Amino acid sequence: MKLELRGITKRFGSLVANDHIDLTVEAGEIHCLLGENGAGKSTLMNVLYGLYQADEGEILLDDVVQHFSGPGDAMAAGIGMVHQHFMLIPVFTVAENVMLGNEATKGGIFLDLNAARAKVREISRRFGFDVDPDALVDELPVGVQQRVEIIKALSRDARVLVFDEPTAVLTPQETDELMQIMRQLRDAGTSIVFITHKLREVREVADRITVIRLGKVVGEASPTASNTELASLMVGRAVELTVHKNPPQLGDEALVVEGLTVVDHIGQLVVNDVSFEVRKGEILAIAGVQGNGQTELTEALVGLQPRVRGSIRLNGEELTTASVQRILDEGVGFVPEDRNEDGLVGAFTIAENLMLDRSAGAPFVKAGTIQRGTLAEFAREKVKEFDVRTQGIDEQVRQLSGGNAQKVVLARELSRELSLLVAAQPTRGVDVGSIEFIHKRIVETRDSGVPVVVVSTELDEVVALADRIMVMYRGRVVGIVPGTTPRDVLGLMMAGEQPEGAAA
């Protein structure tokens with residue numbers, strides 16, 4: 001089925017999320033929609049799927065104009081979507097999830113679960129999915145759950161499939177399997193729209209590439225284009241993608257974690273007997289698929305987890321039961337994974353956010369009064385140093401782009417004397433140009449002799465930054481390996497397999 005989007009425009013108040021976008025996806029083609037977070041990719045696909053109504057433009061399938069009032073109309077017309085966050089009910093079986101919303105009945109009364117089972121087996125056999133229709137979804141690996149999403153779409157006779165950032169929760173091996181599935185679907189005549197910001201995946205699987213920037217189509221590219229060419233199209237300027245770093249100049253052990261255990265608010269063990277150390281002048285990157293205990297581990301290091309056992313020592317000082325303020329006072333810099341929730345106050349100005357962890361005294365507060373002149377001078381200096389694109393230091397942080405907001409967090413955390421930097425998902429939701437800058441500053445921090453812990457679900461980022469890599473799976477450490485460890489080995493570790501020679 002051929003898909004055409006003509007002049008699609010979608011506004012949210014004064015924000016133009018999609019600005020007269022034209023896109024054509026031929027039958028049996030993998031068409032990649034490439035762009036930074038916030039470029040308008042997902043908004044465009046939500047218009048296609050009937051979740052949003054376009055303010056201007058039209059959708060055509062096989063040259064026939066369509067009018068979708070909701071996802072039901074889009075699905076009936078042959079459009080399916082595999083969302084980044086799966087739309088499955090964990091306590092249902094595969095067959096029950098597949099038939100949900102499209103229930104087959106016997107005699108118009110009883111659900112025909114056998115028909116759903118047969119449909120799952122037939123699609124699985126056709127594409128080699130190997131999915132058990134009677135398996136409970138919450139007992140399946142993430143990669144298999146994604147196959148269930150695909151089966152669900154195909155069971156509704158989808159001839160256009162939209163994959164929205166489909167590899168965000170997959171290991172490298174699961175990503176490779178998904179790419180093969182996409183090729184099989186294409187060869188069977190399915191039209192595929194693949195939304196991503198990951199250049200490696202684009203070049204591997206796309207037949208054609210359309211690049212969107214700030215809500216507009218800025219160009220088309222061939223899969224043979226280099227990563228540098230694609231990145232330049234995405235951000236509108238030349239970008240250096242390689243992280244340049246010298247071999248580490250290792251100092252003494254600085255952070256020593258022994259037998260760390262974290263229990264969440266419902267009593268579930270989320271970090272299980274984790275031990276590691278980080279030396280001065282070293283980057284330890286913690287890798288793993290999201291949801292394997294990395295978030296809770298990071299929060300425990302900075303005092304944000306209340307139910308912690310074990311030992312966390314920094315330069316000989318025990319911090320396991322210390323308050324957040326004491327940990328900050330010990331020189332721990334923290335870049336949280338959700339900057340809007342935990343790193344910034346959106347209604348505060350840039351200047352005010354830059355003093356958040358130093359609001360109790362000098363140099364910014366004297367006798368209970370903010371020293372506005374001192375703060376303004378400091379803020380202007382940091383805005384310039386960290387290349388924060390803003391109208392001024394009095395602009396509210398919520399008005400900034402993701403990349404510029406993250407630079408404000410970094411500027412605050414790196415502008416004091418540090419004994420440890422903990423950076424969780426430091427480039428999540430950040431444009432390629434800002435990623436380049438953030439990686440450079442993290443490496444500079446390491447080169448100054450500060451130990452650094454980076455937590456990232458982006459394997460490319462882990463490999464680029466790490467001197468050593470610790471892989472977590474279901475709350476445990478699978479192994480600690482050199483930063484030069486091959487991606488396929490890391491992928492197996494992310495799935496829970498411990499390689500030979502890896503410290504556990």
Side-chain angles (χ1 to χ4, degrees), residues 240 242-258 260 274-287 294 297-298 300-303 311-320 322 324-337 343 354 357-358 362-363 378 381-382 384-387 406-427 434-456 461-470 480-485 503:
E240 175 59 71
T242 304
V243 176
H244 298 285
K245 66 181 197 291
N246 296 318
Q249 301 298 309
L250 298 177
D252 298 334
E253 282 186 352
L255 176 67
V256 180
V257 176
E258 294 180 335
L260 185 66
V274 166
S275 299
F276 62 93
E277 79 289 330
V278 188
R279 303 174 76 92
K280 293 180 179 179
E282 176 187 35
I283 296 175
L284 176 74
I286 301 177
Q294 309 97 306
L297 171 61
T298 304
L301 294 178
V302 295
S311 174
I312 302 170
R313 296 193 306 278
L314 181 60
N315 296 325
E317 291 290 322
E318 182 63 53
L319 298 179
T320 309
V324 174
Q325 188 58 57
R326 186 191 157 205
I327 290 171
L328 294 177
D329 291 344
E330 288 289 335
V332 177
F334 180 45
V335 180
E337 67 178 59
L354 286 171
D357 53 6
R358 280 177 283 181
F378 171 79
E381 176 187 319
K382 293 305 168 184
K384 181 178 180 181
E385 179 185 347
F386 283 80
D387 192 29
Q406 190 76 337
K407 287 178 181 179
V408 173
V409 176
L410 276 172
R412 182 183 65 226
E413 300 304 307
L414 298 183
S415 62
R416 57 195 176 94
E417 189 172 339
L418 293 181
S419 54
L420 171 69
L421 174 64
V422 179
Q425 314 296 346
T427 59
S434 295
I435 289 173
E436 172 192 20
F437 179 87
I438 291 168
H439 284 173
K440 181 181 178 184
R441 293 309 298 246
I442 289 174
V443 171
E444 287 175 355
T445 301
R446 166 258 215 183
D447 289 345
S448 71
V450 175
V452 179
V453 175
V454 172
V455 179
S456 180
E461 181 166 66
V462 167
V463 171
L465 291 174
D467 298 310
R468 287 186 302 141
I469 301 171
M470 183 173 88
I480 300 176
V481 295
T484 54
T485 301

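Given the structure is predicted, the values throughout are model-derived calculations rather than measurements. Residue numbers count from 1 along this sequence.
- No hydrogens or angles considered: a donor-acceptor pair under 3.5 Å links the side chains of R358 and S415.
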Please determine whether side chain to side chain contact (heavy atoms under 4.5 Å, CB included) holds for the pair V452 and V278, giving the CA-CA distance in whole Å, both sets of side-chain angles, and the decisive distance to 0.1 Å.
CA-CA 8 Å; V452 179; V278 188; over 6 Å; no
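- Note that CE of M470 is 4.5 Å distant from CZ of F276, once rounded to the nearest 0.5 Å.
- Neither side chain, E330 nor S419, offers a donor N or O lying under 3.5 Å from an acceptor on the other.
- Taking all atoms of both residues into account, the shortest heavy-atom contact from A285 to A466 is CB-CB, 3.5 Å.
- To the nearest 0.5 angstrom, I327 atom CD1 is 10.0 Å from F334 atom CZ.
- Annotation: side chain of L410 is in contact with side chain of I438 (closest heavy-atom distance under 4.5 Å).
- In this structure, L314 and V332 have side chains that are in contact, with non-hydrogen atoms separated by less than 4.5 Å.
- Atom NZ of K440 is separated from atom OG1 of T445 by 12.0 Å, given to the nearest 0.5 angstrom.
- A salt bridge is absent between D252 and R279; no separation between the charged side-chain nitrogens and carboxylate oxygens falls under 4.0 Å.
- Side-chain contact check for I480 versus I469: every heavy-atom pair is 4.5 Å or farther apart.
- Remark: side-chain polar atoms of T485 are not paired, donor with acceptor, to backbone N or O of V481 under 3.5 angstrom.
- With hydrogens and angles left out, the side-chain atoms of T427 and Q406 include no donor and acceptor closer than 3.5 Å.
- S456 contributes no side-chain N or O that, together with a main-chain N or O of Q425, makes up a donor-acceptor pair within less than 3.5 Å.
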Please step through salt bridge (charged side-chain N to carboxylate O under 4.0 Å, His left out) for the pair R468 and E277, ending with a clear verdict.
CA-CA 11 Å; R468 287 186 302 141; E277 79 289 330; 3.6 Å; yes
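- The shortest distance between side-chain heavy atoms of L465 and V243 falls below 4.5 Å.
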Please determine whether side chain to side chain contact (heavy atoms under 4.5 Å, CB included) holds for the pair L328 and R416, giving the CA-CA distance in whole Å, both sets of side-chain angles, and the decisive distance to 0.1 Å.
CA-CA 10 Å; L328 294 177; R416 57 195 176 94; 3.7 Å; yes
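- Of the residues L421, I442, V450, the one that meets the side-chain contact (heavy atoms from CB on, under 4.5 Å) test with L414 is L421.
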Please test H439 against V443 for side chain to side chain contact (heavy atoms under 4.5 Å, CB included), starting from the C-alpha separation and ending with a verdict.
CA-CA 6 Å; H439 284 173; V443 171; 5.6 Å; no
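- One distance of note links CZ of F386 with CZ of R412; it measures 11.5 Å at 0.5 Å rounding.
- Every side chain to side chain donor-acceptor pair (under 3.5 Å) that Q325 has, sequence neighbours left out, goes to D329.
- A donor-acceptor contact shorter than 3.5 Å links the side chain of E318 to the backbone of I312.
- A side-chain donor-acceptor contact under 3.5 Å links K245 to the backbone of A464.
- In this structure, CD on E381 lies 6.5 Å from CD on E385, to the nearest 0.5 angstrom.
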Take L301 and V257, measure what side chain to side chain contact (heavy atoms under 4.5 Å, CB included) needs, and give me the verdict at the end.
CA-CA 9 Å; L301 294 178; V257 176; 3.9 Å; yes
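- For the side-chain contact (heavy atoms from CB on, under 4.5 Å) test, residues two or more places apart in sequence or in another chain that qualify with K280 are A254, N315, P451.
- Annotation for A300 and L260: closest pair CB-CD2, 4.1 Å, computed over non-hydrogen atoms.
- Pairs engaging residues 443-455 under the salt bridge (charged side-chain N to carboxylate O under 4.0 Å, His left out) rule: R441-E444, R446-D467 [sequence neighbours left out].
- A donor-acceptor contact closer than 3.5 angstrom is absent between the side chains of E258 and S275.
- Nearest heavy-atom pair across K407 and D387 is NZ-O, 3.0 Å.
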